[in-house]
Engineer: 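The structure follows.
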Amino acid sequence: MEKGFIFYKNHKQFTAFFILAIVVIAAAVFAPLIATHNPYEAVITNVEQPPDGTHWFGTDKLGRDLFSRVIYGTRTSLASAMLLVTITLFVGSALGIFAGYFGGITDSVIMRISDMMISFPGLVLAIAVAGILGPSLMNAVIAIVAVSWTKYARLARSLVLRIKNKDYIAAAVLTGSKTGYILKKYIIKMTMPIMIVTAASDIGTMILEIAALSFLGFGAQPPVPEWGMMLNEGRAYLQTAPWMMFFPGLAVFIVVAVFNLLGDSLRDILDPGMLEKGAAAGGNYAGNTKYYDKL
Amino acid sequence: MTKKTIASRILQIIIVLFGIGFFTFGLTYLAPGDPVKAMYAANGSIPSEEVVEAVRKKMGLNDPFPVQYFNWLFNCLHGDFGTSYSLNKPVVTVLLQRLWPTLKLTLFSLILMLFVSVPFGVLSAVKHNKAADYLIRLFSFVGISVPSFWLGVMLIYIVALKLKLLPVISTGTGFKNVILPAVTLAFPMAAKYTRQVRAAVLEELHQDYVVGARTRGLKESTVIWWHVLPNALLPLVTLFGLSFGSLLGGTAVVEVIFSYPGLGNLAVSAVTARDYPLIQGYVLWVALIYMVINLFVDAAYEILDPRTKVR
């Protein structure tokens, strides 16, 4: 307990963003308590009401309360982004660790596929995959996993290569440890912390990508409250009901900003120089935002 | 680049293209939904089962997968990417038509981005940890987190609807139609590049040659603009190439918002209409352009920075 306080005291910036992130997550968890209306309930007499005392963010084209929909949208966005990050982390790390540890043909095959994916604009493929599989939130997640695992695989592979030839691994092999045991006990243990930090700092980007695909109509489907889709629905009513676009967009912006700030400060704590060094080399950091500029 | 490295890069591009071709063809083969029905649906009619069966036979859709794949590949290698279901035109013609508007938008937004990010990045680095630096960092932070689709729509609302300065829908490709989409695309990019320029300049400022130039009594502005900046921008050339390539293929969201007649908009409507030949053609073309641009950028990088020449 004592230790925790000292950590938070020494990293005020991180603590502040961490609390903000908790607030966002709490909004998602306690959505039913915060929302003032049922997000699915369409009241035809209330169509396109501007924001007022009862409908804080106004109502949409079906008379649903926008505030409640935005709050429930936090659930959709956070849940799908977490799912996406977890799957990407798992798939990418597993393939990267296999490629790095076993080398040879395994390595060549995995890395050539990864080369193929990287020499290619990600969103194009994501659109193609989401479009061909059919529009749904799950398919959008699959599409983004399909284009973003390579970054994790590369990172995991390079980490494994760095520790693979260490003496303690050789000692483990020599004393007859099974491969599975070495992987579990040493390799995964050594690589996972960095992989998880990378994943955590990617949550903001992932939320944006899901919202972008939903905005294009390849993600969440009505009537699920999802920010990207709500923006798409509101687009036609820009002239008469601008609040239909304003509030969901603001929600995306705030949540993405909170998670980006959290990710940045997390990386600053672990390696103060890493961010700027990576940026200068156009390397690691550029990789993190690589998909962003396609949106 | 030696002739050998160029040759191996070109070979690599060809291999990747084959891989992507197989991947997209496989995906469309496995995709749910009947392309023949999709084709008729795109033209607004519901065919009888006999008609569907006859057309399937004619298009070779009943052949086994390898036969279909090699037929498709054979046609692609002869420059025939098939006919778009929804537009009833050859895929190549449609893609070429849409390439120029997207190219225009891409170039315009890249130029805009450079005009913002280079001065901001340099200023931010020179005024390290001063008020100007914090302001610029705030701007770049906002730029990185703001969703481009929201920014685009807000720009339409303010500039086009409220101030009535520009048209709401960019159906043409004139200057007035390009400016808002270009600003929308440039804003997040400028934010990202400002960070990169700042970091690169900060790193260069610690180099010995900067101290040397200052001791020789050169003006600080000369040091920054003529000595530091060229060195700082070098590593960003590669990144610039990546952005250029991905913009060409991935301006979809912004093009849809502004109804801009570019490649991205085409791709989205192709996906919505399940227009498989068009999707395949689009993916292959964009991959080709992206890789060729990156090849040129890497070659240019060696000319700009002879130190990287492989000996």
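Sequence lines set the chain letters: A, B, ... in the order given, protein chains first and strands last, and positions in each chain run from 1. Because the structure is a prediction, the values reported are computed rather than measured.
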Engineer: Report yes if some heavy atom in the side chain of B:V153 is under 4.5 Å from a heavy atom in the side chain of A:L231; otherwise report no.
Structural biologist: no
Engineer: Which residues satisfy the salt bridge (Lys or Arg N to Asp or Glu O under 4.0 Å) test with B:E204, sequence neighbours excluded?
Structural biologist: none
Engineer: From A:F253 CZ over to B:L151 CG, what is the distance, rounded to the nearest 0.5 angstrom?
Structural biologist: 10.0 Å
Engineer: Can you confirm whether more than 12 heavy atoms, excluding those of A:F18, are under 6.0 Å from its CZ atom?
Structural biologist: no
Engineer: Shorter than 4.5 Å, heavy atoms on both sides: which option in A:L250, A:I113, A:V252 has the most such pairs with chain B?
Structural biologist: A:L250
Engineer: At what distance, to the nearest 0.5 angstrom, does CE of A:M245 lie from CD1 of B:I156?
Structural biologist: 8.5 Å
Engineer: Please name all residues satisfying side-chain contact (heavy atoms from CB on, under 4.5 Å) with B:S8, sequence neighbours left out, ordered by chain then number.
Structural biologist: none
Engineer: Rounded to the nearest 0.5 Å, what separation is found between the OG atom of B:S145 and the CD1 atom of A:I254?
Structural biologist: 11.0 Å
Engineer: Could you pull out the closest heavy-atom pair between B:P147 and A:G249, with the gap in Å?
Structural biologist: CG-O, 4.2 Å
Engineer: Counting heavy atoms not belonging to B:L138, are there more than 12 under 6.0 Å from its CG?
Structural biologist: yes
Engineer: Give the interface residues of residues 73-80 of chain A toward chain B, defined by a heavy-atom separation under 4.5 Å.
Structural biologist: none
Engineer: Please classify the contact of B:V142 with chain A as side chain, backbone, both or neither, using a heavy-atom distance under 4.5 Å.
Structural biologist: both
Engineer: According to side-chain contact (heavy atoms from CB on, under 4.5 Å), who are the partners of A:P51, at least two apart in sequence or on a separate chain?
Structural biologist: A:W243, A:F247
Engineer: Parallel, tilted or perpendicular for A:F246 and B:W150, by the 30°/60° rule?
Structural biologist: tilted
Engineer: Looking at CD1 of B:I144 and CG of A:D264, how far apart are the two atoms once the value is rounded to the nearest 0.5 Å?
Structural biologist: 7.5 Å
Engineer: Heavy atoms, side chains only, cut-off 4.5 Å: are B:F149 and A:L216 in contact?
Structural biologist: no
Engineer: Identify the two heavy atoms, one from B:Y157 and one from A:P242, that lie closest to each other, and give their separation to 0.1 Å.
Structural biologist: OH-CG, 3.3 Å
